[in-house]
Amino acid sequence: MEIPNQPIMVTRPLLPDLSSVNCQLKDVWDSKWITNNGPKSKELLQELKNYLSVKHFSLFNNGTLALILGLKALKLEGEVITTPFTFPATVEALDWNGLTPVFCDIDTETLNIDANKIESLITDRTSAILGVHVFGNPCNVNKIQQIADKYNLKVIYDGAHVFGTYLNGKPIGEHGDMTMFSFHATKLFNTIEGGALTFKNEILNERLDLLKNFGIDKPDTVELSGLNAKLNEVQAAMGLEVLKIVTDEKKKRYRIKELYELLLGEIPGIRILTKHKEEQSSYQYFVIEVDEEEYGISRNELHEKLKEFNVYTRKYFYPLCSDFKWYKNFPSAQKENLPVANKKVNQVLAMPFYGDLTNEEVEQICSIIKYLSKGSR
Ligand code: T4K
């Protein structure tokens, strides 16, 4: 069995040709306009609206601030029903708005909020449902919308993993009241750091423009209490070039996903969680689930052993948000209320996944995983 001679990381940023970025930067330098809604940001906004086929869209300097300000723009109060199985930013955005998360267990197949368990958590303090399309697997948007309509709740999605995804023939950002996208370096589409919101109600456009610019309306009017969350011109310049190569990157990831599926599919105790259909997916992550009994070692052991072979996987999203010390005493955070999440959080492993990964590297990773399995010992 061959061991990779270079470390293989969980991901690598999608980097355009440096000379093309330099051309974009030359424009920025010539314009002497480097932030505050400059020409490159305006151009990127338009390009992304076209690419994602969304009507209402706003850019931010990262996904977390987009979500914080999006929740604020919706003027939510009280409790928000959400998932414990996500990146900390999702629930931290609630904290920054003074909203209380109510944790709902997750679905066994998709690892997203279990729509069948939401209704029993609704109280007269509930104002919204915050779902996350984890690893690119879409939430049960129809069921969630039905519940929201019945109880007059807002629906917000953390779509950090679903750039360019379609669901039920609609761009994913058109489901719910609002969807956040992350354009962090590790995401399929990146602006180094960056983020965006799509939203249903056009009125939010103006409010979001104020919120990301300190609440300043005109030079002498401060309309509301905002923040600084503007995407700058260097980020936008990068985004314009990355957007040109993102479709090609998806094709490359599709090839890698197919090879992984072929080679890992035959290993007992390894289940592939991200079996996206071609036209629907962002191919953001390739994630497996390890059944310790069937495979022979635990997820944690596999994660550690792979490092010895120069392969660096990630235990996204460990620990559960419900285990954070400031939530762990909440009734909804108790382990008996979240059995699926508490099981899955110890089984899930994100594999190296990015377009430049070679077939040879994928074959090496899979043969190491096979070698470590019970059947091979
Ligand atoms: N909601 C969800 C569901 C999210 O997943 C995220 C972010 C957010 C909200 C918040 O969106 P942003 O505010 O970030 O826009 C990374 C990212 O920092 C984070 O954006 C992402 N989720 C999360 C899933 O992954 P870490 O702590 O794993 O990053 P790090 O630095 O360990 O990088 C992972 C690997 O990527 C490295 O091992 C190597 C590679 N890498 C990374 C960077 C930054 C590179 O090769 N080059 C690089 O420049 O959080």
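Note that ligands are numbered from 1 as they come in the structure, with each ligand's atoms numbered from 1 the same way. Keep in mind that the numbers below use all heavy atoms, side chains included, and drop hydrogens, waters and symmetry copies.
Under the side-chain contact (heavy atoms from CB on, under 4.5 Å) criterion, P7 pairs with M9, N310, Y312, not counting sequence neighbours.
Between F183 and F57, the angle of the ring planes lies from 30° to 60°, which puts this pair in the tilted group. Relative orientation of the W326 and F324 rings is tilted, given thresholds of 30° and 60° on the angle between their planes. The aromatic rings of F317 and F85 sit perpendicular to each other, their planes meeting at more than 60°, with 30° as the lower class boundary.
Within a 6.0 Å radius of CD in E301, more than 12 heavy atoms belonging to other residues, nucleotides or ligands are found.
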Identify all pairs of nitrogen or oxygen atoms, one from ligand 1 and one from the protein, separated by less than 3.5 Å, and list them with distances.
from	atom 1	to	atom 2	distance (Å)
ligand 1	1 (N)	D158	OD1	3.3
ligand 1	1 (N)	D158	OD2	2.6
ligand 1	5 (O)	H161	NE2	2.8
ligand 1	11 (O)	S182	OG	3.4
ligand 1	13 (O)	G63	N	3.4
ligand 1	13 (O)	T64	N	3.0
ligand 1	13 (O)	T64	OG1	2.5
ligand 1	15 (O)	G63	N	2.9
ligand 1	15 (O)	S182	OG	2.7
ligand 1	18 (O)	H184	NE2	3.3
ligand 1	20 (O)	H184	ND1	3.4
ligand 1	22 (N)	K187	NZ	2.9
ligand 1	25 (O)	Y316	OH	3.4
ligand 1	28 (O)	R314	NH2	3.0
ligand 1	28 (O)	Y316	OH	2.5
ligand 1	32 (O)	R314	NH1	2.8
ligand 1	32 (O)	R314	NH2	3.4
ligand 1	46 (O)	R12	NH1	2.7

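Looking only at side-chain heavy atoms (C-beta outward), L121 and T126 stay at 4.5 Å or farther from each other.
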